[in-house]
Amino acid sequence: MSRYRQSRAESTLERQLAALDDARELGEGRLDDAALSEVYGVLERATSRRFLSADHTVVGFFGATGSGKSSLFNAVAGTDAARVAVRRPTTSEPLAMVWGPAGSSPLLDWLEVADRRDGTAVPGLTDEGSGLVLLDLPDFDSIQLSNRTIVERLAGQVDVLVWVVDPQKYADAAIHNDFIRPFSTHAAVTLVVLNQVDKLVSSEVKPVLESLSSILDRDGLGSVAVSGVSALTGAGIPELRRRIAAVVKAKAAKSARLAADVAVAAQRLAEVSGDGDAAGVHQQDRKSLATGLAGAVHLETVVSAVRTSYKLDATKQTGWPVTRWLSRFRKDPLRRLSLRREGTSAVNRHLDASGWFGGTRSN
């Protein structure tokens, strides 16, 4: 992607995030709190990721037990690091293989990945020298809740999702319903890999790939190409490396990932907002509201008291001597309502622009 297109994508994303935040604020107190919390989480993640390394693309390998995910990770990265990590007691920790470590530490801190290894040159994967972070993650169907929690968190943070399935469980409804389908809007940053094709006879490979593609189409990921590979024999690994390298080289994954997150959040707000157009406020409604408010504060009583108090003040200041004397015995209705400030209530008399003083021409 050219710098111009990348800059334009960032500007578009910035406008989308601003619009989403405006919608969230307008929904406060009106829409479902859980939905608003989800939207806020998207905004928080997007803000954090945008301010972290733009030179690195984070690619996460996600797979179920028995899919050969870690073996595939090793084959793609040209290492056996994942196999070593599996032998450790803390098997739930994700492993990061990093090419171009400069500036990657804050990003990995945000991802909460402590196990970090420097990657060596891998033909077809790191030829361009671009920043790349490959993550090997715990099995997402692990019986350990902590493992599932890690996978779900990182699925919401990585730039590129690589779903690894095997011939035995590629059609498992739990895999698709719980993990792959919720990310159907993320096709632009999704790779799907059918591992262990070596376990199939040659005539079965194509039908299985077509079957998997059909299922992905129902998941909303019909545009995603499926790679058939074997971590054991190395079949398909070079092509998978080239696909990952192409994504890294384009440097568009981060923006595409965040844009997809915004789309999901916007759809969520739309769902909880309901259907139909806003009814608006009719003139009759305004009148009813004004009448109700006036009644609540006893407006007619106050207006009447102001009118009477004004006339009383005018009589005290300008009436005939007998009338002024009698008005002193009348109670001010505003004081009765505790609406009159203490002190003199004399009518202000001043020289106005026309030269009249209190209604009398000043000489």
Side-chain angles (χ1 to χ4, degrees), residues 45 48-65 67-140 142 144 146-164 179 183 186 189-191 193 195 231 237 240-241 243-251 253-254 256-258:
R45 290 196 301 272
S48 298
R49 182 63 184 96
R50 292 182 73 207
F51 283 96
L52 293 168
S53 177
D55 296 325
H56 290 84
T57 300
V58 183
V59 180
F61 280 64
F62 299 84
T65 304
S67 64
K69 170 182 51 62
S70 294
S71 297
L72 180 62
F73 175 90
N74 286 338
V76 171
T79 181
D80 61 355
R83 215 173 290 133
V84 172
V86 168
R87 293 196 189 105
R88 296 180 308 166
T90 52
T91 58
S92 63
E93 292 185 4
L95 166 69
M97 189 65 66
V98 185
W99 287 267
S104 65
S105 292
L107 175 59
L108 291 168
D109 289 342
W110 177 65
L111 293 169
E112 299 180 28
V113 177
D115 195 349
R116 311 167 185 182
R117 314 289 179 87
D118 291 340
T120 57
V122 179
L125 181 67
T126 58
D127 296 340
E128 300 295 332
S130 301
L132 169 63
V133 178
L134 291 185
L135 294 183
D136 180 42
L137 304 171
D139 299 334
F140 53 58
S142 172
Q144 294 187 31
S146 58
N147 286 6
R148 187 183 179 103
T149 301
I150 290 172
V151 172
E152 290 176 345
R153 175 176 59 80
L154 286 170
Q157 293 178 288
V158 300
D159 301 323
V160 179
L161 299 140
V162 179
W163 299 109
V164 183
F179 292 94
F183 292 95
H186 295 64
V189 290
T190 297
L191 301 176
V193 181
N195 191 22
I237 298 299
L240 179 57
R241 287 173 176 168
R243 291 182 64 188
I244 295 174
V247 172
V248 175
K249 182 180 178 181
K251 291 190 178 299
K254 182 185 72 172
R257 166 62 203 251
L258 296 179

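Excluded from the calculations below are hydrogen atoms, water molecules and symmetry mates; all remaining heavy atoms, backbone and side chain alike, are included.
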Evaluate the side-chain proximity of Pro138 to Val151: yes if any heavy-atom separation is below 4.5 Å, no if none is.
yes
Minimum heavy-atom distance Arg257-Phe183, with the two atoms named
NH2-CE2, 3.9 Å
Could you tell me which non-hydrogen atom of Pro94 sits nearest to which non-hydrogen atom of Leu137, and how far apart they are?
CB-CD2, 3.6 Å
Walk me through whether Leu125 and Ile244 qualify under side-chain contact (heavy atoms from CB on, under 4.5 Å).
CA-CA 7 Å; Leu125 181 67; Ile244 295 174; 3.9 Å; yes
Just verifying a value: how many Å separate Leu52 CG and Ser104 OG, rounded to the nearest 0.5 Å?
11.0 Å
What's the shortest heavy-atom distance between Gly68 and Asn195, and which atoms?
O-ND2, 3.2 Å
Considering non-hydrogen atoms only, spot the tightest contact between Ala64 and Ser67 and give its length.
O-OG, 2.8 Å
Are the side chains of Met97 and Leu132 in touch, meaning some heavy atoms are under 4.5 Å apart?
no
Could you tell me whether Asp109 and Arg116 make a salt bridge, using a distance below 4.0 angstrom between a side-chain N and a carboxylate O?
yes
Residues in side-chain contact (heavy atoms from CB on, under 4.5 Å) contact with Glu112, at least two apart in sequence or another chain
Arg153
What's the shortest heavy-atom distance between Gly131 and Val248, and which atoms?
O-CG1, 3.4 Å
Please answer whether the main-chain N or O of Pro101 pairs with a side-chain N or O of Asp118 as donor and acceptor at a distance below 3.5 Å.
no
Candidates Val98, Val160, Leu107 - the one meeting side chain to side chain contact (heavy atoms under 4.5 Å, CB included) with Val58
Leu107
Taking Phe61's backbone N and O only, do any of them form a donor-acceptor pair with Lys69's side chain (distance below 3.5 Å, no angle check)?
no
Closest approach of Phe140 and Arg148, non-hydrogen atoms and distance?
O-NH1, 3.8 Å
Would you say the side-chain atoms of Trp99 pair up with the backbone N or O of Thr120, donor to acceptor, closer than 3.5 Å?
yes
What's the spacing between Leu135 CG and Asp115 CG if we round to 0.5 Å?
10.5 Å
Do Leu154 and Leu111 have side chains that approach each other closer than 4.5 Å (heavy atoms only, starting at C-beta)?
yes
Keeping the roles fixed (side chain from Arg45, backbone from Leu258), state whether a donor-acceptor pair exists under 3.5 Å.
no
Give, for atom CG of Asp159 and atom NZ of Lys251, the distance between the pair rounded to the nearest 0.5 Å.
10.5 Å
Gln157 side chain reached by Arg49 side chain, heavy atoms, under 4.5 Å:
no
Just wondering, do Val59 and Leu191 contact through their side chains at under 4.5 Å, heavy atoms?
no
Do you see a donor-acceptor pair shorter than 3.5 Å between the side chains of Asp136 and Ser70?
yes
Single hit among Asn74, Leu95, Leu134, Val122 for side chain to side chain contact (heavy atoms under 4.5 Å, CB included) with Thr79
Asn74
Residue pair Ile237 / Leu72, side-chain heavy-atom distance below 4.5 Å:
yes
Does the plane of the ring in Trp163 sit parallel, tilted or perpendicular to the ring in Phe62? Use 30° and 60° as the thresholds.
tilted
Under the rule for side chain to side chain donor-acceptor pair (under 3.5 Å), what residues qualify as partners of Ser53, not counting sequence neighbours?
His56
